[in-house]
Asks: 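To start, I am sharing the structure in question, which I have written as C-alpha cells.
This is a predicted model, so every value here is computed, not measured. Throughout, a chain's letter reflects where its sequence line sits, starting with A, and its residues are numbered from 1.
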There are 2 protein chains.
Amino acid sequence: MSAPASKSPATLHDVAREAGVSLATASRSLNGSARKVNEDYRQRVLEAAQRLGYTTNLFAQAVAKGSTTTVALLVADIADPYFSSIAAGVIDAASEERLVVTIAVTGRDAQRELDTVRALRGQRPRVMILAGSRTTGAAFEVQLRSELSSFEDTGGKVAFISQDAAPFATVLLDNRGGARNLAVALAELGYRDFAVIAGPAEIRTAQERLEGFSEGLAEHGISLPAERIIHSDFTRDGGYRGAQDLLASGARVDLVFAVNDVMAVGVVSALRDAGIAPGEGIGVAGFDDIPTVRDITPALTTVRIPLEDVGRRALQLATGSAHGASDAGGGPEPIPTETIIRGSTPRR
Amino acid sequence: MSAPASKSPATLHDVAREAGVSLATASRSLNGSARKVNEDYRQRVLEAAQRLGYTTNLFAQAVAKGSTTTVALLVADIADPYFSSIAAGVIDAASEERLVVTIAVTGRDAQRELDTVRALRGQRPRVMILAGSRTTGAAFEVQLRSELSSFEDTGGKVAFISQDAAPFATVLLDNRGGARNLAVALAELGYRDFAVIAGPAEIRTAQERLEGFSEGLAEHGISLPAERIIHSDFTRDGGYRGAQDLLASGARVDLVFAVNDVMAVGVVSALRDAGIAPGEGIGVAGFDDIPTVRDITPALTTVRIPLEDVGRRALQLATGSAHGASDAGGGPEPIPTETIIRGSTPRR
DNA sequence: CTGTTAGCGCGTTCAG
DNA sequence: CTGAACGCGCTAACAG
C-alpha cells in the first residue's frame with residue numbers, strides 16, 4: 001500500500017551544516033558534558049536541531065562513548081501483578097536517570113532465562129535486573145552466573161531481586177522472615193491445622209516462604225506434615241488446582257497458605273467453587289500484597305512487600321544512585337515486610 | 001568496594017584475530033544474511049566467538065546497518081493489568097521476530113506522552129506502539145501526530161491500539177460496539193436504572209464506551225440522564241470514589257457500568273463497603289475482562305477483549321508480519337469483542 | 001569465497 | 001573556545 005520515500009532522520013552533521021558550525025560544536029551544544037561553548041553558537045545549534053527535528057541517535061552515541069543508557073529487566077511474566085509492579089518501579093526510577101528499560105520475559109524457564117541473558121548482552125545494557133524467580137537447578141545456575149559474571153567483568157552491573165545471589169547485588173526480600181511472622185500471627189489468631197500450596201519445589205522464593213512458614217508454626221508447636229504441602233504452578237490456576245487437590249485429599253485444615261497472592265486468589269476461588277466459604281470455613285493467606293487482594297472477598301491476609309519500591313531499589317542499587325539514607329554497611333538490608341491481616345483470616 | 005578491571009567486551013575484531021580470519025568473514029559467519037562462507041572458517045569463527053564470550057554489539061550493528069531491532073511500547077501504566085497483558089502480547093510476538101521491546105510509561109499525561117515519544121525516537125526503534133489511552137486534547141494531539149508522522153517519514157512504523165488514529169496503523173478495539181452489546185444484554189436481563197462511572201471525559205476510550213453504552217440503552221428505550229454519568233479517574237480508586245459519589249447522590253440505580261474492569265473492581269468494593277451487596281442490591285459491569293475479574297465476588301460481568309492478542313496484533317501490524325488469515329481488505333478490522341455475563345448481573 | 005576499504009552517526013582527542 | 005581528524009564496532013561495497 002504505502003511506500004513512502006523514507007528519508008533518513010536528521011543527523012548531527014545536518015544540524016551542524018544548518019547552523020553553520022562544525023560537528024564538534026554541534027555535538028558539544030547538544031550533548032556535551034563539559035559546557036564550554038559560546039552561547040550564541042549554542043542557540044543556533046539548538047534552533048537548527050529544532051528546525052530539523054533532530055534527535056540524538058542513541059545507538060551511535062552509545063557506540064562512540066562505549067556506554068549505553070539501557071537497562072534490561074528480566075521477569076518471569078509481565079502480566080503477573082508481582083512483576084508488573086516491580087517493573088513499574090524500575091521504569092520509574094530509570095526514567096529519572098534518563099535510562100531506557102527493555103523488558104524480556106523468561107516464563108520461569110531456566111534455559112530461556114539463560115538464553116535471554118545472552119541475547120540481552122548484545123544490547124550492552126548498563127545494568128541487568130533479574131526479577132524472575134530463580135530456580136535451584138544447578139546446571140543452568142552455574143552457566144547463568146558465569147554469563148552474568150563476564151557481563152560484570154565487561155563493565156555491566158547486575159542486580160537480583162529476592163534471594164541472595166552473591167556476589168551480585170541483591171534487593172533482598174525477607175521471604176523467610178515474612179512467612180514466619182505470618183505463621184506466628186495466624187497461630188495467634190487461633191488457627192491450628194495448616195496446609196500450604198507451595199508452588200514448584202525448584203523455585204527458590206517458594207521454597208523460602210514455605211520454610212519460613214513452617215518455622216513460624218514450629219515456634220508455636222505446630223507441625224506441618226508433608227502431605228499438607230502441595231506443590232503446583234506459581235500461578236492463579238496453580239493455586240486453584242492445588243486447593244482442589246487439597247480438598248480431594250480429604251485433609252481437615254483450617255487455614256491454607258499459598259506462597260504468593262496470585263495463587264491465593266486461585267485458592268479462594270477454588271474453595272468457593274467447592275462450596276466452602278473462604279474465611280469462614282477455611283482461612284486463606286497469601287504473600288506479596290498485590291493490589292487486587294484488597295478487592296477479592298474476603299480481602300486477603302498477606303505479607304506486604306512494597307513492590308514498586310523494590311523495583312526502584314533494584315535500579316538504584318545497580319546504578320549506584322542510592323538516595324536512601326543509611327546504606328552505611330553496604331550489606332544488603334532486606335526490604336522490610338509486613339503482615340497484613342484481613343478478612344480472609346478471622347480470629348477463630 | 002569492588003572495582004574490577006572492567007575489560008571491555010570482546011569485539012568482532014578480537015574474534016576475527018582469534019580465528020585467524022578477516023573481519024568480514026567473521027561478520028558473515030556470525031550475522032551474515034547471505035550464507036556464503038566456507039564451513040571450516042565458519043566453525044572456527046563460531047568457536048572463537050564462543051571461547052571469547054563474544055556477543056554482537058547490537059548498537060554498533062544498528063549504526064552500521066541503519067536499522068534497529070527495537071520496538072518501543074508506550075503504556076499509561078504498566079502495573080495496570082490492561083496494559084501489562086497487552087505488553088505480554090507485544091513482547092511475545094516481538095521475541096518471535098528477535099525484536100527487543102522497550103517500555104515507557106506515560107501516566108496518561110499528554111505532555112509526558114509527547115516527551116516520551118520524542119525521547120524514544122532517539123532509539124530509532126523499528127516500530128512504536130502506543131497503547132496509552134489517548135486524550136482528545138487538540139493541542140498535544142497535533143504535536144503528537146506531527147512527531148509520529150516525521151517518525152514514519154524517517155522509516156519508522158507506528159501502531160496505535162484502541163481508537164482509530166488514521167493515517168497510522170491501528171488495532172481497533174470495538175469499544176462502542178462492545179459497550180452497546182453489553183447495554184443490550186443488561187437491558188434484556190431486566191435492568192432499567194443505569195449509572196455509568198465513566199472515567200475522565202478527555203480519554204477517548206472512556207468516551208467511546210460511554211457513548212456505545214448509551215446507544216445500547218437507547219435501543220431499549222432506556223435513557224441515561226447526565227446526572228447518572230460520573231466522571232472519575234481511570235483507576236481502581238477512581239471507580240471506588242465514583243461509586244461513592246453515586247451513592248451519595250441518592251440516585252436509585254439497579255446497575256452500575258464502569259467503563260473498565262479496574263474501575264469496576266473499585267465499584268464492587270465501594271458498594272460492599274457501603275453495605276450493599278454487589279450483584280444482589282445493584283448489578284455491576286465492567287469492560288476488558290482482565291484476569292482478576294473472574295476471582296472477585298461476585299464474578300464480574302464484562303466485555304471481553306483478548307488483550308494479549310491485541311498486543312501481538314499490534315506488533316504484527318507494525319512489522320507487516322501478519323500471519324492472520326484474511327487481511328485482504330487492508331482496512332483495520334476491529335478486534336472482536338464478547339459480552340460475558342457473570343454473577344455480578346443476575347437476571348432481575 | 002575471502003580480505004580490504006569505506007562508511008554508519010557520534011564523541012573526543014588534538015591542534016589552531 | 002572552535003574545528004579537523006580519528007576511532008567506536010560493525011556492515012557493505014569493492015576488489016582479489
Asks: Hey, could you give me each pair passing salt bridge (Lys or Arg N to Asp or Glu O under 4.0 Å) that has a residue in residues 83-93 of chain B? Not counting sequence neighbours.
Replies: B:D92-B:R312

Asks: Measure from CG on A:N38 to C1' on D:dG3 and round the result to the nearest Å.
Replies: 14 Å

Asks: What nucleic acid atoms does A:Y41 come within less than 4.0 Å of, heavy atoms only: base, sugar-phosphate, or nothing?
Replies: sugar-phosphate

Asks: Mind calculating the distance between CZ (B:R44) and P (C:dT2) to the nearest angstrom?
Replies: 11 Å

Asks: If an axis is fit to five pairs at each end of the helix from C:dC1-D:dG16 to C:dG16-D:dC1, what is the angle between the two, to the nearest 10°?
Replies: 40°

Asks: With sequence neighbours left out, write down each residue that passes side-chain contact (heavy atoms from CB on, under 4.5 Å) with B:E39, or none if nothing qualifies.
Replies: B:R42, B:Q43

Asks: Looking only at the side chains, is there a donor atom on one of A:N57 and A:Q61 sitting less than 3.5 Å from an acceptor on the other?
Replies: no

Asks: Side-chain donor-acceptor contacts of residues 14-27 of chain B below 3.5 Å, not counting sequence neighbours, with atom names and distances?
Replies:
residue : atom : partner : partner atom : Å
B:D14   : OD1  : B:R17   : NH2          : 3.4
B:D14   : OD2  : B:T11   : N            : 2.8
B:E18   : OE2  : B:R51   : NH1          : 2.3
B:S22   : OG   : B:A24   : N            : 3.4
B:S22   : OG   : B:T25   : N            : 3.3
B:S22   : OG   : B:T25   : OG1          : 3.1

Asks: Any chance you could list the contact pattern along nucleotides 5-11 of chain C? Use B for base contacts, S for sugar-phosphate-only contacts and - for none, protein heavy atoms under 4.0 Å, 5' to 3'.
Replies: --BBBBS

Asks: Return a table of donor-acceptor pairs under 3.5 angstrom between the side chains of residues 65-72 of chain A and protein atoms on other chains or two or more places apart.
Replies:
residue : atom : partner : partner atom : Å
A:T68   : OG1  : A:R124  : O            : 2.2

Asks: Tell me whether the side-chain N/O atoms of A:S22 come closer than 4.0 Å to OP1 or OP2 in D:dT2.
Replies: no

Asks: Residues in ring pair (Phe, Tyr, Trp, His ring centres under 6.0 Å) with A:F168, at least two apart?
Replies: A:F160

Asks: Tell me, which pairs form a ring-ring contact (aromatic ring centres under 6.0 Å, His included) where one or both residues lie in residues 51-80 of chain B, sequence neighbours left out?
Replies: A:F59-B:F59

Asks: Provide the full list of ring-ring contact (aromatic ring centres under 6.0 Å, His included) pairs with a residue in residues 89-109 of chain A, sequence neighbours left out, each pair given once.
Replies: none

